[in-house]
Amino acid sequence: MSKMKGHISNIIQPVFAIFVGLAVGTIAILLAGESVFLTYREMWEGAFGSLYFLSNTLERSIPIILAGLGVAFAFRAGFFNLGAEGQLVMGAVTTAIVTVYLPFQGFLNLVISIGAGMLIAGLLSFFAGWMEQKFQINLLISTLLLNYIAVLFAGYLVSEPFRDTTSSGGVAHSVMVEDASKLPKLLTGMNVHYGFVLAIIITILLAFIIKRTTFGYEVRMLGQNMFFAQYGGINRKKVMFISMLISGMLAGLAGSVEVMGMHYRFIEGALTTPQFAWTGLMAALLANSNPVGTAIIAIFLAALDTGALGVERNTDVPNAISDIIQAVLILFISAKFTMAFIKSKRKRGAK
Amino acid sequence: MLELRGITKKYGEFTANDQIDFSLVKQEIHAIVGENGAGKTTLMRMLYGMEEPTSGDIFVHDKKRKIQSPNDAIGLGIGMVHQHFMLFPSFTIAENVVFHHEPRKKWRYDRKKANQEVEQLAKKFGMEINPNQKISDAPVGVQQRVEILKVLYQGAEIIILDEPTAVLTPLEVKDLLNSLRELVKMGKSIILITHKLNEVMEVADRITVLRDGKVSGSLKKEATDTEELSRLMVGRELQKKQLPKVTSGKAVLDVNQVYVNDSKNKAAVENISVQVHQGEIVGVAGVSGNGQSELIQAITGLVKTSAGKIRINDHDVTNHSVRQIRDRGLSHIPEDRYLWGAAKSASILDNLIMTDYRKSPLAQRGILNKGKIHSYVNNSIKRFDVKASSINTSAQYLSGGNLQKLIAAREIQKDTPLLLAAEPTRGVDIGAMEFIHEQIIEKRNNGDAVLLISSELSEILALSDRVLVMFEGKIVGEFDRENVSEEKLSLLMAGGTYE
Amino acid sequence: GTESEDESSNGENDEGNAENSESKEEAKSVAVVLTDQIGVNPFFQQIADGAKQAAEETGLEINVIESSDTTETKQNLEVAVAEGYDLILTATFDAVDPLTTVAEANPDRDFAIIDAIVDLPNVKSAEFKEYEASFLLGAAAGLATETDTVGIIPAQDIALLDKYIVGFQEGVAHVNENAEVLVNYVGSFEDPAKAKEIALQQNSNGADFIAAAAAVSDLGVFEAAAEAGFYTSGQDIDRTVEDPEHVVLSQLKNTDVVAYDFVKEYGNGEFSTGVQSFGLAEDGVGLTYVTAESESPLNDFIGQDTIDQVIEIKDQIISGEIEVKNPLEQ
Amino acid sequence: MSSLFDLSLIDSTLRMMAPLLLAGLGGAICARVGIFNVGLDGLMLMGAFIGVAANAFTNNIWLSILIAVVGTLIFSLLFGYMVIHLQANMIVTGIAINFLSIGATTFALRTIFDVQGAYYNNEMVGLPTWRIPVIDDIPLLGNLLSGQSPVVYLGILITIAMYIFLKKSVLGSHFDAVGINPVAAKSQGIKIKKIQYQAVIISGILCALGGVQLSLGQVTMFSENMTGGRGFIALVATMLGQSNPIGVFLSSSLFGFTEAISIRFQGLNIPTNFTLMLPYVITILAMFIFKDRTQLNAMKNSQGSSR
Ligand SMILES: Nc1ncnc2c1ncn2[C@@H]1O[C@H](COP(=O)(O)OP(=O)(O)OP(=O)(O)O)[C@@H](O)[C@H]1O
Ligand SMILES: Nc1ncnc2c1ncn2[C@@H]1O[C@H](COP(=O)(O)OP(=O)(O)OP(=O)(O)O)[C@@H](O)[C@H]1O
Ligand SMILES: [Mg+2]
Ligand SMILES: [Mg+2]
């Protein structure tokens, strides 16, 4: 009975949020003096209008899903990792450098360079965890600050020691990945690559780990009450280190596959401008750190991005409008609309 | 002074209070008793404006009133001391007492005056406090006094106390009950909610018993006794328990000259040695805050000892990890069920499997076995009579008593050679208490060792084969079951000596 | 597979484009795919304007598409191909990778890129010799400075901006051996507040002329100049108009001319692929008062004397007497 | 090296810290009542934009500041409504507020001024610099402390005022109480939501001032996304300063100072990216000294003991 109610409100809420988001968007479009219908149609077309556009949406969702899963995993263990951006960038730059300097090309190169990226990103996140464990350095602040440091450091790597000197290029970037080592596309001519399959597999794997393994149980309990977890014999330090490591590795993987499957090199700013990490963080929070939910919301958020591209191409609506619609949608999805009424009644009753 | 007529409160389909009639006359102590979940707190929350009745009327000074917020209640001279403390740990005692009624100079907070007023108020009601002390540094008993002072400061004429003694030591309880009598003498009227019938018999003038949301009896103290009250509460006769003689075997737990430092690096436990043998319950009595917590945590591996040895079944477990110690055969009912004993937002299922989730048959090679876990959990709740709508609801929706039964179930049914039971029945109604006590005794009768740590003397006396008294981190006395008495214990617990 | 997919989906859904595809049979069409929002840099505005003007004159259909990151650029290029634009014009280094992929996959289409090189048979590239103009700017600064200290404030420490910095430094050194050149990076293309802070800092260290080379952040340098009373210069277009009292020079990069030329050639059927370089000789880059007139009067700080000397240097560069090397190839 | 420490360093530090300080105080007042405000950056950007837009139309700097404050305040109420009334996730809401203000200011820039990238106007008069009579006459100190924009001085005054408010006023203690134990505060008849709204409104005002200092004090223009993540640094200042106004003042000074000095380090032979890192590295190092010891207790409280 209450379960049914839960399901219905689960559906009503996003629908309502989307409705409000679109309504606010409509006002903005009218202000800009464009056709509302046309704009929204272009938005839909740009995200899902054809196999090609769908593939773009899915491609864009890959780093968002992976970064989101990273955030979600640490969050499950009770640790707020705001450092996904730095970890993503460190993963990407490491992969981009390693792949070029490995003496062989091909699948093994791909695996090793992605692995190296994940490792470095994992260590970065681990480092923040270690500082919190050993010196009580607030994780929120340290991960936030490490973002800036990581982004600048990656920029340094590709503008000085590992710069691509073969191209006359402007923005700092690394050398192009060899064809043989690239992460292949899922369909020829489409942008979506095997990173998507990887992201889905990891989503399912993570859902399984969290729900069905003893380690997942330890993570959940630590996240819910660390004192209870310690009382029950769970080693907080160990679980924290492992979950921060995994969290960072996933964020790093987001950057690595974006390099090996999409850009084929590390370009300064190419992974931070699209705000993959922050979008992933939102996906994780909106989904309550549930892996499958995180992936679904990540795809939705990616669709908003690619849809905006369609609007930009085919209408005179300023690009900023899609930012507005996007933000408003997120705002309203995060609100507990339909729940608010039930909740406010209950809250008064509860202690 | 106060009258409730036909008060009914429904949460959805569930009726928490059903047609309750209740009255309070001036200068009386009216006790409300009832099992966990009987609806006592709900009734009081309505009086205090934190809930609105579904139907029924409230009369204050013979006028019908609608109480919609705590502010309304305070305005009508109703004050409430909540079951869970409503204090600000980083504020001083005075700041807590005067909160929301602060003396001020224009917009400024006149802390000096607050301190003076609180000091005077405390003196007037014979309570001893230091207004400048931080709540986080104050013992529980003092915190309780602060709660009462708060209500008095607001000028309440009607004072509601929801289970005020649940966490108090016997001496503190005595103090509190004295204060209550004083208050009545000074013209206040009191509603006292408690599970402890001896307290009721000591101070109450009238008693109302709730069962399943209904009034099952309203009596004058002179006209009743604890047996009748228990029957009205539980709906059946309670049995007297006895401890059958069991020959105790070898020492299962051996704590040898252990020292533990507290979080401020001061010695909290000094040179303590305890042995618990098979088939024996050793009770450690003491006013809470005298090193019991540290001792428990040292034995269970939650803190490190600074000196000494701890052995379980002849294995040295000193400063081993919690997991290693548990694997040696320790189970542990923690002193604070919400902090240590459970994860409130986790499901009943997750809370129940905490200590066994890694072991076959609940898990194989790191993978949880869903089917086995379900049957395990269902069996446990059935056996320990945990009342819950589903094993997937989160633990926060269990009443305190039910949660405590859940924790006891988790720890007792494990069949370990050693049980460390800390405050196993704190704040739990007599039905649940009786049940948990039975389980502990049964464990002892099976030849296991039990270390019972409790600030509840009646519990210590009822269960222990041997009693130790802790005071200021040391053991100050030891008695056999035969020659222990409440008086002797009280004296030692308070730091007195006994020849 | 992609193209046919898109074309079919395109055909059935879009009335707006139906008119477009109709016109395709008659007039040819041009898509300008920009790698960033137009507002970030006047440079993008110039390209769009130049291309639009040429399209109008030659009767081409034109659509300008902005992107905000590399992935978006690639997708916009692909869509432009799918939607059947005949010439697809893009710009800046950011477009190199995407364009390489897309142009390789569509050898039968024409592409052009401004301010970067893509070496493919179906791509026409235009690169600029900014360093030649920077050299002139540096020379002017070196001659005009009274404190023998000048500064330059680039956006970021990236190779691209060496084209501006190194040319500037060499220019200063060429005319004034004693002059010191301060270089401080903003760290961002869009942080005028910080750029201003840096400019004030350079000024307090003695620089009386500070060249701004930091896109939107330039505005911060201009403000600092107005406030603290030193002199500065702008980039790409004639920025002296904004504050002739303090913004006394502007290094020019005539992307509009190049965009105009490319589109015009296409409209006239004279389009040919390959790499073209635009330096002082080709009038692709320049400096106000030296290679082009300015609306604002020449500031006394620079003075006609200096301009005359710089014009001489310009001629020497064009004639090859002075060789300014591409810093990226050194 | 000689130019590493010069007189303008303190000048520079004060200017750079002011927006951080103001927004950081805004974050602090929210944190006091239990709201983690990640939307500081967006609120600041909003303030920066409205300030410039109003100035362009009214040509009156004081009126413009007022309009910026009111406008941002209204915008902050959106954050408040989502978080307080609809119980939306604070961090998601904060990030969405940041995205929204980037979109809205860019959009408004285009629709109101028909420009992209940046709006500036030579006629526009920014905040004046104030010479403080007495201090100005002191030889060295006068150079250093006098001659800042009024908002800088206001920031310092607000620091002191907020400190007094929190420590000395009755309402201030209620703010704290709501943050420490909302249930208890409510049981004593405090209107929690009202207090939380008040905090959000104050933070809106402070962020508006921070934004105005950026767009009309430090420079006189608006450029897209001109806060450049300063709101997040302000958030760090809030946390590092443990939501204490003095602490926020010190941590934003530290940040302003290291940023000012990092520009000077560029003269040395260190890769620029490393000098740019300096403020962040120093801040992390500072955390080793100023540890937040209240964390564990807060965690314990949030679990709530049975008593
Ligand atoms: N907010 C609520 N929503 C739904 N049901 C509630 C709520 N609060 C209380 N109840 C129900 O009302 C019943 C009575 O609860 P109440 O807290 O009054 O019990 P109590 O007699 O105070 O128990 P205890 O001795 O454990 O304090 C409970 O069994 C519970 O199921
Ligand atoms: N939000 C809620 N929804 C449903 N039931 C609730 C809710 N909040 C509390 N309850 C119920 O209220 C009852 C009392 O809960 P509470 O946590 O006050 O127990 P308690 O007073 O701690 O018990 P004890 O007196 O044994 O310590 C419980 O039975 C619980 O199920
Ligand atoms: Mg109760
Ligand atoms: Mg976009």
Side-chain angles (χ1 to χ4, degrees), chain A residues 1-7 9 75-78 133 136 204-243 246 288-290 339 341-351, chain B residues 9 11-13 16 41-42 45 50-52 69 82-84 86 297 300-302 321-327 330 332 334 336-347 350-351 353-359 362-370 373 389-390 392-397 410:
Chain A
M1 172 69 206
S2 70
K3 236 183 187 170
M4 261 302 272
K5 253 187 210 158
H7 281 309
S9 73
F75 200 57
R76 269 304 174 89
Q133 166 72 34
Q136 288 89 50
I204 295 166
L205 194 68
L206 226 52
F208 179 81
I209 289 176
I210 289 176
K211 250 205 141 131
R212 299 293 303 280
T213 66
T214 52
F215 179 68
Y217 175 80
E218 293 181 354
V219 165
R220 281 187 289 131
M221 289 306 114
L222 187 65
Q224 279 171 320
N225 180 354
M226 65 172 256
F227 300 98
F228 176 52
Q230 282 175 318
Y231 151 89
I234 293 170
N235 185 337
R236 175 178 192 260
K237 197 157 103 181
K238 190 178 115 195
V239 177
M240 175 193 201
F241 285 167
I242 296 179
S243 53
I246 292 180
N288 248 328
S289 300
N290 174 312
M339 290 299 285
F341 304 107
I342 307 165
K343 269 248 173 85
S344 66
K345 274 183 195 153
R346 237 204 231 155
K347 266 274 146 73
R348 245 176 284 147
K351 35 195 151 160
Chain B
K9 176 71 190 175
Y11 292 112
E13 318 257 293
T41 300
T42 307
R45 289 167 67 91
M50 297 173 88
E51 296 275 359
E52 279 182 63
S69 73
H82 296 268
Q83 183 168 3
H84 301 276
M86 298 286 186
Q297 291 176 12
T300 54
L302 287 162
S321 74
V322 174
R323 181 170 286 177
Q324 286 168 324
I325 295 174
R326 276 184 172 274
D327 287 346
L330 170 90
H332 169 201
D336 187 330
R337 58 176 164 269
Y338 291 108
L339 184 65
W340 296 105
K344 279 193 277 188
S345 50
S347 67
D350 280 339
N351 272 294
I353 63 173
M354 174 49 97
T355 50
D356 279 334
Y357 68 93
R358 285 177 307 124
K359 300 193 184 107
L362 300 191
Q364 286 99 20
R365 273 179 248 102
I367 311 284
L368 298 170
N369 185 331
K370 224 169 150 184
I373 288 177
S389 56
S390 140
N392 293 316
T393 49
S394 60
Q396 62 197 324
Y397 297 126
R410 184 177 69 209

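The sequence lines fix the lettering, A, B, ..., with proteins before strands; numbering per chain opens at 1.
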*First locate atom OG of B/Ser345, then atom CZ of A/Arg220, and finally report the distance between them rounded to the nearest 0.5 Å.*
11.0 Å
Interchain contact, [X] with chain A, by part (heavy-atom threshold 4.5 Å):
X        : answer
B/Asn351 : both
B/Arg358 : both
B/Lys370 : both
B/Arg365 : neither
B/Ser321 : neither

_Does B/Lys359, at its NZ atom, have more than 12 non-hydrogen atoms belonging to other residues, nucleotides or ligands within less than 6.0 Å?_
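Yes, NZ of B/Lys359 has more than 12 neighbouring heavy atoms, counting only those of other groups under 6.0 Å.
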Can you tell me if [X] uses its side chain to pair, donor with acceptor, with the backbone of [Y] under 3.5 Å?
X        : Y        : answer
A/Asn225 : B/Ala342 : yes
B/Tyr357 : A/Thr213 : no
A/Tyr231 : B/Leu339 : no

*For A/Phe208, all residues meeting ring pair (Phe, Tyr, Trp, His ring centres under 6.0 Å), sequence neighbours excluded*: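 A/Phe208 satisfies ring pair (Phe, Tyr, Trp, His ring centres under 6.0 Å) with no residue once adjacent residues are dropped.
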_Minimum heavy-atom separation for A/Met221 and B/Ala346, please, with both atom names._
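That would be CE-CB, 3.8 Å.
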_For chain B, the option from A/Thr214, A/Ile234, A/Asn235 that forms the most heavy-atom pairs under 4.5 Å_ =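 Winner by heavy-atom pair count: A/Thr214.
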*Sort out for me which of B/Ile325, B/Ile367, B/Thr300, B/Leu362 touches chain A most, counting heavy-atom pairs under 4.5 Å.*
B/Ile367
*Could you check which of B/His332, B/Met354, B/Arg323 has the highest count of heavy-atom pairs closer than 4.5 Å to chain A?*
B/Met354
*Should A/Gln230 and B/Val322 be marked as a side-chain contact (heavy atoms from CB on, under 4.5 Å) after you check the CA-CA gap, both sets of side-chain angles, and the distance that decides it?*
CA-CA 7 Å; A/Gln230 282 175 318; B/Val322 174; 5.7 Å; no
*Assign the ring pair B/Trp340 / A/Phe227 to parallel, tilted or perpendicular, where the plane angle (0 to 90°) is split at 30° and 60°.*
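Answer is perpendicular, since the angle exceeds 60°.
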